[in-house]
Amino acid sequence: MSPILVGRELHKSYGLTLALRGASIAVNEGEIVAVMGPSGCGKSTLLHCLAGVLAPDRGEVHFNGQRVDLIPDRKRVGLRRTAFGLVYQFGQLVPELPAIENIGLPLLLAGRPRRECLAQAGEWLDRMGLSGLGNRLPGELSGGQGQRIALARALVARPRVVFADEPTGSLDSVAADQVMELLVDTARTQGTSVLVVTHEPRVAGFADRTVLMRDGVETVQANGAGSRPPGVESLRVGTGATAPSADIISWAGREAE
Amino acid sequence: MSRMLRLGLRLALGGGREGLVRLAFMAVGIGVGVGMLLIALAAPNALRGRFERVAWQDAAYWVHYPVENATPAMESADGAVFLAVSDYYDGRPMLRSYYASLGDDPPVPPGLSRAPGPGEVAVSPALQRLLESTPDNELDDRFPGRVTLTIGPEGLSHDNELVGIIGRTPDQLKGVRSVAEVHGFTLVNEAIGFEDFLAFLVLGSAVQILFPIVILIVVVTRVAWRQRERRLAAIRLVGATQAQISVVAAAEAGLAAVAGAALGWGVYEVGRRVLAETLIFQGGHFWLDDVAVSPWWLAGILLGVPLLVMLTTVASLRAIHTRPLALQQRARRRRLSIWLVVPLVLGLGGQFALVPFQDRLATQSEDGGPPLLAVLGMVLTLLAIVGFVLVGPWLVTMVGRGVARLSRSVPSLLAARRIAQNPQATFYSSVAVGLAAVGLAYIGCTVAAGYQPDKSGELRGYLYSSLRPGVVSVTTGGVPAATVEPLLTEGVVPVYGRFVPCADLARVLYVTCPYVVSDGAMVEPPPGDRPGGTVTSIFIPTDGSLAAEGRARTRAANLVPNAIINSDRDPIDYNLETFFQDIDRLAAVGALFVLIIGAFGLATTMVSGLIERRRPFALLRASGVYLSELRRSVLLETSATMAVVSVAGVGLGMLLAYASVRQGNLNWRWPGPDVYALIAGGMLAALVFSAVALPLLNLTTRHDAVRFE
């Protein structure tokens with residue numbers, strides 16, 4: 001299977017702080033990949049470089065055979081608009097828009113008729129188990145409900161890749177499992193690739209493959225259980241290179257081809 | 001306490017570049033507000049100063065027509081004989097006065113170091129210049145004597161005023177009509193009649209300007225309040241008491257407010273100088289000393305505003321309380337109620353209800369104050385404006401909801417929902433521009449209706465209003481024919497009492513014979529009867545040159561000092577015309593003030609909104625929303641609100657003006673395109689100014705805002 005998204009030898013620094021030091025990763029079509037690592041190891045920076053939010057200082061990002069890091073910012077924005085979906089830990093919903101309009105936002109951005117956008121957003125509300133909450137404002141929703149709305153917004157335009165940065169970071173374990181199950185199920189149904197950044201092994205347990213990062217570089221790649229039932233620890237993460245699970249398939253490779 | 005105060009100051013100053021920028025922004029906003037407040041409060045003083053400086057010119061008038069509290073104060077037991085007469089030179093108004101002391105200690109007109117003696121002339125600097133540049137028989141001879149004194153600013157309404165005081169002996173003024181014995185030149189009451197009304201109008205306008213200023217200061221102090229209160233909550237969570245965080249909050253806000261007040265003082269000092277040097281009112285600039293607030297007011301504002309800012313900051317903290325990791329609003333937002341419309345309906349309805357009673361209410365009060373109609377009108381106008389401010393948020397909510405339902409694009413949807421969800425903040429951002437629109441529309445309509453010069457050419461009681469070119473009219477008030485004998489040369493038309501042949505009159509006035517005059521001012525003499533006796537008016541035809549007219553005027557003034565002399569060169573409707581021009585100019589300056597405040601209000605709200613929505617906007621950008629789309633949304637949010645509020649303001653201003661016009665028994669006229677252009681231009685200028693905040697959108701919504709706030 002050929003990868004849809006590839007990052008090669010990515011370097012990125014913020015002033016004197018080196019966030020990425022030659023990180024490489026590949027995500028196959030329809031694959032769910034988790035990126036784990038301690039705080040400050042560069043996993044969010046990696047996600048943002050891959051999604052085209054940040055331009056790497058060095059290295060290459062390919063999406064569907066196209067060099068993302070070389071195209072102008074406006075085109076990268078266009079790519080995020082049409083081919084990518086993003087989910088964050090919190091605060092991504094527009095506070096003034098009711099839930100249904102928040103979900104329909106990507107469709108409106110794509111220039112689809114308003115009525116159609118809202119109808120489709122309504123379907124996603126049902127699919128997320130949030131029927132009847134369409135007119136609620138983000139401030140009137142619980143954390144879990146808000147994340148499901150964010151998830152629906154990221155998926156409604158049927159993106160090729162969903163980038164999720166700590167999508168369950170502010171949720172309890174039950175709500176976190178609900179969100180991850182919805183993400184994984186929908187991605188599998190739509191054939192969407194998912195790159196999820198997390199520091200929770202429980203979340204990584206939903207992924208097909210887990211990449212461990214430390215000090216700005218990926219160190220270990222491991223097969224995950226893929227939709228493994230919640231509660232079963234799939235991968236114990238130590239400090240980078242000491243991943244002890246039998247699921248580990250390769251060491252120190254800069255790429256997993 | 002002092003430790004918390006120090007902590008508050010450290011938090012305010014140690015918040016990094018962003019914190020300092022926020023502090024500076026607040027200080028600038030408060031500075032503009034304080035500066036404008038001081039200038040607005042100085043406006044009535046400027047007007048009062050203008051009238052008080054020249055009140056001495058009416059000293060003789062108030063002796064003849066005494067009104068309680070309006071007679072000159074007793075300054076001298078000896079007294080002086082005094083007369084002041086309006087005159088013109090080449091269309092410029094001029095005051096020619098006569099003075100004769102009645103003893104060793106006479107009252108001295110303001111602006112003079114001593115009283116002019118017989119044969120001496122005191123002149124204003126502008127008249128001095130004019131005298132030096134004109135032939136003696138055209139102007140100088142109207143001020144017979146030697147110029148020995150210069151009238152200072154204390155006795156002049158402005159530096160361009162033409163005033164001359166001719167020193168005479170009491171005997172020389174004996175028998176001259178309208179002279180009066182005065183014992184002082186300082187009038188007790190502050191402003192009289194027409195001037196009082198004008199001062200009342202300016203005071204009312206100043207009150208209207210106060211609204212947006214107060215709103216601006218409140219809005220500015222609320223910039224990034226959520227971030228600040230989150231920080232305070234963190235301090236509260238580690239054990240600080242409510243009182244301690246109040247001190248911290250007050251110290252932070254107080255620092256910006258003190259800096260703002262100091263800046264405001266500077267704005268005021270610069271602003272009043274600019275106004276004194278540029279604004280022309282009734283033919284001249286204001287004196288700088290008059291464009292000022294009293295030291296007590298200045299101290300009160302400079303100390304009061306920071307104190308008020310600190311108190312409101314502490315008071316706003318009472319409405320929130322801290323929970324672990326979060327803040328909670330103690331009180332829900334006030335719901336928009338139908339009762340909010342009551343002041344608007346009362347104010348507007350009251351104005352229209354006054355129309356049938358205008359005759360009874362329009363008479364001036366006995367103490368010389370403004371008529372009851374004017375007082376009620378002002379109160380009801382202010383009530384309507386308060387109503388406008390109260391109803392505004394409801395209006396923008398409705399508009400926001402409507403636009404949101406129809407939105408087809410993301411920018412318009414974001415803007416409309418923001419307006420609908422946050423009506424108070426969005427309305428208050430535009431309220432100053434809206435109030436400027438109310439004022440401009442009101443003034444524009446009333447001026448258009450009020451200034452309707454009569455060009456019909458019909459004979460009216462005021463004969464000089466229909467003079468033919470080159471004719472000099474001398475209204476004597478009634479003098480023996482012998483007194484004016486030198487003027488009665490070939491071609492001159494005298495009016496004996498009320499008698500004048502129409503055929504003669506038609507040579508000097510635009511009049512159709514036989515004339516019918518409703519007020520009976522002129523009567524055709526009986527056939528064959530030769531008129532004689534007292535001469536009330538004389539019409540002297542000239543070749544129309546300034547020199548010839550000047551000579552005729554000078555001869556007439558020397559023979560009949562109290563005569564009112566005119567030609568068609570004089571602005572016949574001078575008072576009415578300049579009154580409306582001045583009102584127009586004052587309104588434009590007032591509107592400019594409000595627009596400056598409005599522009600700052602818009603910019604402040606825009607900045608505040610950007611800081612507040614930094615993370616959602618950054619995440620939208622990360623999710624594929626173009627910066628241009630966000631920019632469009634923010635601009636739309638501002639401009640749509642401003643447009644709605646301004647249109648509503650124009651509507652309210654026109655309705656109020658219509659009621660005023662009907663109250664004044666005038667015909668309604670729509671204002672010219674210049675009024676609409678001024679309003680639209682002002683709105684555009686405010687919007688362009690507020691757009692300076694737009695680069696902040698790019699800065700605040702960059703990648704780092706995705707993860708950190």
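Remember, it's a predicted structure, so these values are computed and weren't measured experimentally. So that the names make sense, note that chain A is the first sequence line, chain B the second, and so on, each numbered from 1.
Neither the backbone nor the side chain of B:Ala416 comes within contact range of chain A; no heavy atoms are under 4.5 Å apart. For B:Ser628, the part lying near chain A is the side chain, with the backbone staying farther off; criterion is any non-hydrogen pair under 4.5 Å. Both the backbone and the side chain of B:Leu413 come within contact range of chain A, each with at least one heavy atom under 4.5 Å from a heavy atom of that chain. In this structure, chain B has heavy atoms under 4.5 Å from both the backbone and the side chain of A:Leu108. Heavy atoms closer than 4.5 Å to chain B are found in the side chain of A:Pro95, but not in its backbone. At a 4.5 Å heavy-atom cutoff, the contact between A:Arg74 and chain B is made by backbone and side-chain atoms alike.
Of the listed residues (A:Leu93, A:Val94, A:Leu86), just one forms a side chain to side chain contact (heavy atoms under 4.5 Å, CB included) with B:Leu620, and that residue is A:Val94.
Taking CZ of B:Arg408 as the reference point, atom CZ of A:Arg112 lies at 15.0 Å (rounded to 0.5 Å). Annotation: the span from A:Gln89 atom CD to B:Leu619 atom CG amounts to 11.0 Å, rounded to 0.5 Å. Rounded to the nearest 0.5 Å, atoms CG (A:Leu97) and CZ (B:Arg418) are 11.5 Å apart. If you take OH on A:Tyr88 and OG on B:Ser623, they are separated by 6.0 Å, rounding to the nearest 0.5 Å. To the nearest 0.5 Å, atoms CD (A:Glu96) and CD1 (B:Ile419) are separated by 10.5 Å.
By the 6.0 Å contact criterion, CZ on A:Arg115 is open, its count of non-hydrogen atoms from other residues, nucleotides or ligands being 12 or less. Surrounding CG of A:Asp172 are more than 12 heavy atoms belonging to other residues, nucleotides or ligands, all under 6.0 Å away.
Pairing each heavy atom of A:Pro98 with each of B:Arg417, the nearest pair is CD-NE, 3.6 Å.
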(request) For side-chain contact (heavy atoms from CB on, under 4.5 Å), just list the numbers for B:Leu406 and A:Arg114, CA-CA rounded to whole Å, side-chain angles, deciding distance to a tenth of an Å, and then say yes or no. (result) CA-CA 9 Å; B:Leu406 300 171; A:Arg114 180 185 165 87; over 6 Å; no

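With chain A as the partner, the residue from B:Ala404, B:Pro411, B:Ala420 showing the most heavy-atom pairs under 4.5 Å is B:Ala404.
The side-chain heavy atoms of B:Gln421 and A:Leu137, taken from C-beta on, include a pair separated by under 4.5 Å.
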